[in-house]
Novice: 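Sharing a structure below in structure tokens format, with a few things to ask.
Indexing begins at 1, ligand by ligand and atom by atom, following the structure's order.
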Amino acid sequence: MSSYIDQLNDAQKQAVLATEGPMMVIAGAGSGKTRVLTYRIAHLMEKGVDSFQILSLTFTNKAAREMKERIASIVGESEAKNLWMGTFHSVFARILRIEGDKLGYPSNFTIYDSEDSLKVISSLIKENNLDKDIYKPKSVQGRISSYKNNLITPKAYQNRPDLQENDATARMPMIGQLYTAYTERCFRAGAMDFDDLLLKTNELLHRFPDVLAKYQERFKYILVDEYQDTNHSQYLIVKALASRFENVCVVGDDAQSIYAFRGANIRNILNFQKDYPDAKIFKLEQNYRSTQNIVEAANSIIAKNRDQLEKNVWTSNDKGEQIVVHKAVSDSDEGNWVASNIFESHQNNHEPWSSFCILYRTNSQSRAFEDAFRKRNIPYRIYGGLSFYQRKEIKDLMAYFRLAINNSDEEAFRRVINYPARGIGQTTMDRLINVANSQEKSIWDIAENIYLYPTGINKPTQQRILDFVERIKSYGVLAQKHDAFDVAAHIAKTSGLIKAMSEDKTPEGVTRTENIQELLNGIKDFSEEQKQIEDGDATLAYYLQDIALLTDADKDNPEDMNKVNLMTIHLAKGLEFPYVYIVGMEENLFPSMMSMNTRSDLEEERRLFYVALTRAEKRAYLTYAHVRYRWGKLIDCEPSRFIEEIDERFLDIRVPEFGGFYSPPDEVKAAFDSPQSRTVSRGNDSFGGKPRFMKKQQEQKPIVPPKKHQKLKTVSEMNDSGEASNVPDDLEKGTRVIHDRFGLGTVKEITGSGADRKAIIFFDNAGEKRLLLKFAKLQKARKS
Ligand SMILES: Nc1ncnc2c1ncn2[C@@H]1O[C@H](COP(=O)(O)OP(=O)(O)OP(=O)(O)O)[C@@H](O)[C@H]1O
Ligand SMILES: [Mg+2]
């Protein structure tokens, strides 16, 4: 037997070797589920299964790529290339390109991303004169998405009084009409949104038995990773495709189900056993990823959930260090502490930057860390958030590409018809849209035959529209004959986009031009790469498809490799890092405010914490802040209940006692950041005008982990004692002080007197600062 099989434990081996029939692996984090899938595919190929007949569905395309590389290293590159591997969306988009005409879609249909789809919805809300404060585009989008993922078409919705009533109760009785209009609008534009890629695949397999038979025959072996996070639509696709051979292998972990809010259905695991009563079920219990401390701490967390399948996860790895719990003064102090900590680890242990990962609950938390990293020149990369492909200039150029490939693409049309400006204004656009709606045609159809329709648009403007149409058509012709790069470069130049941008000499303008250049570089790479592949496709059309389905975790580029990683916990699924910092461990943030009302929401939040903690290989850190800016206000924070839920023997609690303190409002902060500041009267803070006083620092013993079941002290408890006090006058060289933004520091020098009294302070995590004492709400730190 091949040597790679020896890199598996017995349970894993069995799961890899049992190639025939349905099987499921439900096992804890880091127990090798993904490894089993990978090796199983290699094994199938070694047994002689044709690589074209294996379909493997992963959570990100990046995961698919990594699996492919691993498989290639076992069975050879040329065979591994033919595997059908990727996310549900990318695999079924590929199939819809081939079969979509049966459903009335062009093979070059556009994939609308979430922003495109939101624009269509906003425009429909406006066209129907609905109140956008009630019909919030995002909520409407969410509802439509959830209907689609449950296979409720606009027509099916008509027969669902329960859903209609729900929407009416939410004061949105027009949802049904919006859904219908949205569907028609996308269809006319030859566009599918992300949910359509699944919905339409289901429709295809359901309505065309010959198509179903063809793909059942093709995919003799089907494998699904992260099965716990599949939604109903995905479940049905797998079920339909697998029903002929029943060689279907799914792996997952119910304790890591974190997408219920987006329609993932944990019942898919139970359904699997119902659908295939003979399915083999494998358990993997040994964790290879993390230290004992981390594994056991994670177990102690997840044990608090009522609804879960029983698992016994253990590891023979080293015991490892305890999980550090750090309390920061404020959100910016939290950023500074983490950055310093990483910097030290990097220096002292020669750890590459990429060994570190910061996990947060919401994207907006990244800012404090970005600031702290920039100050220290620590390279970092953020997953998610505004990605390269979401930048305006990139979307503008891509819209030209999209329109050239699919003339009906309405969102693309709207984006570029008058950019760069060519004298076709909003009124003209509104007229085009009106006529398109009344004729039930795409805007393009109207524009192309503008003389035939009573649009009320004047002759010169009509001519300008026709010129635009001709130009786009000529791009389309080029795209048939030349490779993606040649066409893209031609479009960038002749559309006037580069010219318009290069006229803008501001730094932002320069960056935008550079971004366009960068995009063209990427297309060049793509074209060259495709030309080297045997059955490669270097067309612009294929490039667009490739790009449209990148998920956030996919947008890697090689120079991003050695950087500290920042991402939301949701994006971290399946990944692993030696050092993990889970930040913002505070009530109302994590668990989030929205999640505290029902047990099931709170349990999902706890699973999210379990996912976060189990990403760590060597060390985990939990941090929280004493005060934090949220929604533009400074608020007091309480440590997250999840910290208390971890058995304390796994924790190394470092909670400095800074006591309560006066938290200055923004304008005061601005003042003490620049010494030539305005005078701001004391005590008028942003808390309803009531002064908040510094509380006397509590006399506490040196920091020790709390006794068993002793609770971490909350901020309100800390504030409940002590009297008001002022900036201490006995500051001198060497005094340890605490500042709400910069954290702990040591006074280096005091100068001036009275209102001009200043201090130079070296902060442990924030470096040297000069502060005007009148404004810098300093406190003396407890001696330790
Ligand atoms: N038998 C083994 N021997 C050595 N290392 C292993 C073994 N099985 C898995 N690993 C390693 O353990 C780590 C975790 O494995 P893997 O990512 O497959 O786990 P998983 O169950 O998919 O985790 P998650 O639930 O987080 O997705 C990986 O680095 C993997 O290479
Ligand atoms: Mg995995």
Novice: When you look for protein heavy atoms under 4.0 Å from ligand 1, which residues do they belong to?
Specialist: Gln7, Leu8, Asn9, Gln12, Gly28, Ala29, Gly30, Ser31, Gly32, Lys33, Thr34, Arg35, Glu226, Gln256, Tyr288, Arg289, Gly574, Glu576, Arg615
Novice: Hey, would you say the His326 and Tyr581 ring centroids sit under 6.0 Å apart?
Specialist: no
Novice: Would Phe642 and Phe590 count as a close aromatic pair, with their ring centres under 6.0 Å?
Specialist: yes
Novice: Could you check Phe219 against Trp84 for ring-ring contact (aromatic ring centres under 6.0 Å, His included), going step by step and ending with a plain yes or no?
Specialist: CA-CA 9 Å; Phe219 300 130; Trp84 281 72; 5.3 Å; yes
Novice: Should the ring pair His232 and Tyr235 be called parallel, tilted or perpendicular, given that the plane angle runs from 0 to 90° and is split at 30 and 60?
Specialist: parallel
Novice: Below 4.0 angstrom, N of the basic side chain to O of the carboxylate: do Glu587 and Arg641 qualify?
Specialist: yes
Novice: Under a 3.5 Å cutoff, is there a donor and acceptor pairing between the side chains of Tyr610 and Asn299?
Specialist: no
Novice: Can you tell me which residue among Ile358, Ile382, Thr568 is in a side chain to side chain contact (heavy atoms under 4.5 Å, CB included) with Ser366?
Specialist: Ile382
Novice: Name the residue from Asp195, Asn150, Asp193 that meets the side-chain hydrogen bond (donor to acceptor under 3.5 Å, both in side chains) definition with Ser145.
Specialist: Asp195
Novice: Listing residue and atom name, which protein N/O/S atoms are closer to the Mg ion (ligand 2) than 2.8 Å?
Specialist: Thr34 OG1
Novice: Answer yes or no on whether Arg654 is positioned over the face of Trp337, meaning its NZ or CZ is under 6.0 Å from the six-membered ring centre and within 45° of the axis.
Specialist: no
